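Everything on this sheet refers to the single structure shown next.
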Amino acid sequence: MNFTQMIIPLNITKTISDWIYSIMPETAASYTIMVIIAVAYLALFAVAGLYLVLLERKVAAWFQLRIGPNRVGPWGLLQTMADALKLVSKELTSTIKIDKFLYNLAPYFVIVSALMAMAVFPFSEQFQAFDINIGVFFLIAISSIGVIGILLAGWSSNNKYALIGAMRSGLQTISYELSVGLSILTMVLLTGTLQLSEIIEAQRTGGWLILQGHVPSIIAFMIFMVAGTAETNRAPFDLVEAESELGAGFHTEYSGMKFAYFFLAEFINMFIISSIAVVLFFGGWLSPFGITENIAWFPQVFWFIIKVLGLIFLMMWFRWTFPRLRVDQLLTLEWKYLLPLNLMNIVLMAIVIWLNWTI
Amino acid sequence: MTNEDLQNIIIGLGTDLEFTTEGSEFLNVIVPKEQLHSICSQLKSHPELKFDYAFCITGMDWVPALGVIYHLNSTELKHEIVVKVMVEDRENPTLDSVHDIWQTADFHELEIFDFFGIKFNNHPKLRRIFLTPEWEGFPLRKDYVDEANMIIK
Amino acid sequence: MTDQQTQNKIKTEEYFINMGPQHPAAHGVLRLILTIDGEIIKNVEPDLGYIHRSIEKMCERDSYQQIVHLTDRMDYLSSHINNEAVCLTVEKGLEIEVSDRVKVIRTIIDELTRIASHCLWWGVMGMDLGALTTYFYAFRDREMINDIFEETCGARLTMNYNVPGGLMFDIHPNFVKRTKDFITHFKTKIPEYDRLLTGNVIFQKRTKGVGILTREDAISFGVSGPTARGSGFSSDVRKHHPYSAYDLVNFKEILFTEGDTFARYQVRMMELWESVSIIEQLIDNIPEGETKAATKAVIKLPKGEFYQRVETARGELGVYINSTGNKNPYRVKFRSPGFSNLSVLNHISKDVLIGDLVATMASFDFVIPDIDR
């Protein structure tokens, strides 16, 4: 792999990378650049995660006839920053009977797997850290690692509520992973590639994939959003941390920054699910009808973020209006409805492509 | 059904029953404690009585006797009586449980056991429901003394 | 192997968890000791007393006027109705007839209290099932009732507006207008409640067929109030033993026969409409008259036993006073609706999931100080 391709080749980054290559040998330079990119991504998405928390609180307030955070900074913009500072400075408390090693490991599993997935997203034509040819596959693989962290957290906490929450998380993720994978597969049939940048390229001429694939695409999108909400353990599928049943579920025994990792990971996961949907269904950074395609200075990342925020708003809308499912209903929904529908949908998509009925 | 009619039926259900309406809006039936369970089950099953709803079960300390007051209602025939039972033994008062007749008695008997110390035979699981298991004494008895927590003016 | 043998072989070990005393679904300090097999509940054993204040013992030392003030700490969401229960019992003992004005005002405030309580229940029911938004919608409307109460008697929750013989003082001049405004406002909001929660598919799936309580069990366990009426047990004290002005108004007793969580939900939702209708019938016709009958400074009830029941938002509250003729009662017993309703919980929560238990408890509308007293 050529690591220079990984760099964001805007002018300023190009200058920095040229400079690093000029002062040290090539191997050392590429590793240095990898570290710099990792740190930059970490900082960027940690802050982005914090602002998603703020957005959620504002959206929730809007749904609930409230004002929401408005004291720290203008319009409460610094509220979640202050919260994060508080969490960082808090004492890490835990019970005596925990399994220390696994207990401490669990939050990192969750946050690292969430942040790793960010690497492959093409935020614009050039803004992509890691453009591998199995991008979609990588995303599915990475997103299933997070559940191991949740299971570890629940098991090592030595708390019955946490254990029940973790077990629920396991069965939920294993079930809904199928629907996420299959609905992505439906779209891959249409593009014929797993590379995210190429998937977007395929939409430049033919229109967004949700239009190209019309009926089966729309079905796949709906299934993906339902299963994706379940994957992120958000309401109405938040059985993992159902507070009226389990207190706080798997992270009952966590405090301070370790709790914050779980909390932040939930929001980054929501961003990931929305980003996958944007890439696979809504043309990624492509502007609608190509309206800004000829304006050279217009940042393509604008369209990507707008679309992602739209889908995140949809997921927040679910959360603040729907009651929670029961655990058996959760499984019934997946195994009796979504999965058969999904399998039929794949066949339908194959027929559509075979008969050349795509738009 | 008037109180006289009720009295005429109930008087045949057991022996040594006392009836009074003095100082109460209901017909009071004072039942010997040995006959409590048999009379209560007949009160529920008798086709002209059908007392199926025990809406209030109260523990009582008529010094020196302890006892229980059952307020009964028939949801079908709409009449009401009060059954009273007394037990003289303050050290080890024991009555028959009626939880198999009115299931609400299960919890109310726990409450009475907790506060008056009346034990109920055949109760499924007699335990302190409000107070801690190691609590000494029975607070709603008239001779209960707790100098720390009770302020008597 | 037969099915039974397979069953025995793969039987898992049961374990118990403490649900409470601090648990979000308990709405207070109720502790349930759950015996669980996987996620299936095998036994529910309530352990009470975390907020037990022995109000019955305190009553034995206090005068009759003082007892009234203790009762709104029992079921704090029906505080006015609790106060009224004691006042009615004392009035029954003293054979005082209160004026029609007092009766009507008491009834109006009873129904406002019931609406406020049901609003809170509706918000919390949604929250227990994971729909957090309901809470804020309900509190928006409950707040208006609390404002009316505050203007009327100075308190928003524990009101103490009743005294033996009538009311502490007359209603505020704005009372009628504000109550009418509230009724007009609230009639447009109940359909909004339905749109937000009642029609939701997930909500109906979570509540229909869950926690089924049969009519026979409801009677045998002494269940009362909306909980019993969801099982078809006609237990409305306002109908069967009318007190205050309930014999002057027309209202339906809401009865459902399914006995499940959704039926109990619907009973309470429709009771909102009935309460609104009762207030509408009375609010324009508050008769003139005394607001307080003359009582002696030291009330002594004649020797005897007095029993009075009222319908709180949760069910039948019975007040039993045994008097020996002194200024203190000899024995006071509060037959609280919550305590009897709680006793049936174990019976109907066998072999259900944790989520079902939470839904069932939400539909019972427990107020823990009412259970503990």
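Computed from heavy atoms alone, side chains included, the values below leave out hydrogens, waters and symmetry copies. Not measured: the values here are computed from a predicted model. Every chain is numbered from 1 and lettered A, B, ... according to where its sequence line falls, protein lines coming before strand lines.
- For C/Glu316, the part lying near chain B is the side chain, with the backbone staying farther off; criterion is any non-hydrogen pair under 4.5 Å.
- Expressed to the nearest 0.5 Å, how far CD of B/Gln42 lies from CD1 of B/Ile101 amounts to 10.0 Å.
- Contacts between B/His71 and chain C at a heavy-atom distance below 4.5 Å involve the side chain alone, from C-beta outward.
- Partner B/His37 forms a side-chain hydrogen bond (donor to acceptor under 3.5 Å, both in side chains) with one of B/Asn122, B/Asp100, B/Asn121 and no other, that one being B/Asp100.
- Between C/Tyr243 and C/Tyr246, the ring planes are perpendicular. Angles over 60° get that label, and only those under 30° would be called parallel.
- Using modelled atom types, one finds a donor on one side chain and an acceptor on the other under 3.5 Å when comparing C/Ser234 with C/His240.
- Atom CG of C/Leu345 sits about 5.5 Å away from atom CG of C/Leu357, to the nearest 0.5 Å.
- Between chain B and the options C/His52, C/His347, C/Glu56, heavy-atom pairs under 4.5 Å are most frequent for C/His52.
- Contact annotation for C/Pro46: both backbone and side-chain heavy atoms come within less than 4.5 Å of a heavy atom of chain B.
- The aromatic ring centroids of C/Tyr307 and C/His241 lie 6.0 Å or more from each other.
- Salt bridge C/Arg238/C/Asp110: absent, no basic N to carboxylate O contact under 4.0 Å.
- Heavy atoms closer than 4.5 Å to chain B are found nowhere in C/Arg31, neither backbone nor side chain.
- Ranked by heavy-atom pairs shorter than 4.5 Å toward chain C, the options B/Ala54, B/Ser24, B/Gly59 are led by B/Gly59.
- With hydrogens and angles disregarded, no donor-acceptor distance shorter than 3.5 Å links the side chain of C/Asn326 to the backbone of C/Asn328.
- Residue contact with chain B, scored on non-hydrogen atoms closer than 4.5 Å, involves the side chain of C/Tyr320 exclusively.
- With chain B as partner, the option from C/Met58, C/Glu216, C/Lys92 having the largest number of non-hydrogen pairs under 4.5 angstrom is C/Lys92.
- For a residue to count as touching a neighbouring chain, one of its non-hydrogen atoms must lie under 4.5 Å from one of that chain's; by this rule B/Asp106 does not touch chain C.
- Only the side chain of C/Glu60 comes within contact range of chain B, with at least one heavy atom under 4.5 Å from a heavy atom of that chain.
- Chosen from B/His99, B/Lys125, B/Lys44, the residue pairing most often with chain C at heavy-atom distances under 4.5 Å is B/Lys125.
- Only the side chain of C/Phe233 comes within less than 4.5 Å of a heavy atom in chain B; its backbone stays farther off.
- Neither the backbone nor the side chain of B/Leu110 has a heavy atom closer than 4.5 Å to any heavy atom of chain C.
- In this structure, no portion of C/Val344 lies under 4.5 Å from any heavy atom of chain B.
- Side-chain N or O atoms of B/Glu111 include none that pairs as donor or acceptor with a backbone N or O of B/Ile129 at under 3.5 Å.
- A ring-centre distance under 6.0 Å is found for B/Phe107 and C/Phe339.
- If you measure heavy-atom distances from B/Thr75 to chain C, the contacts under 4.5 Å come from the side chain alone.
- Ring-plane geometry between B/His79 and B/Phe51 is classed as tilted, the angle between the planes lying from 30 to 60 degrees on a 0 to 90 degree scale.
- Interface remark: B/Asp114 contributes no atoms to any contact with chain C (heavy atom separation under 4.5 Å).
- The choice from C/Ser220, C/Gly222, C/Gly304 that makes the most heavy-atom pairs within less than 4.5 Å of chain B is C/Ser220.
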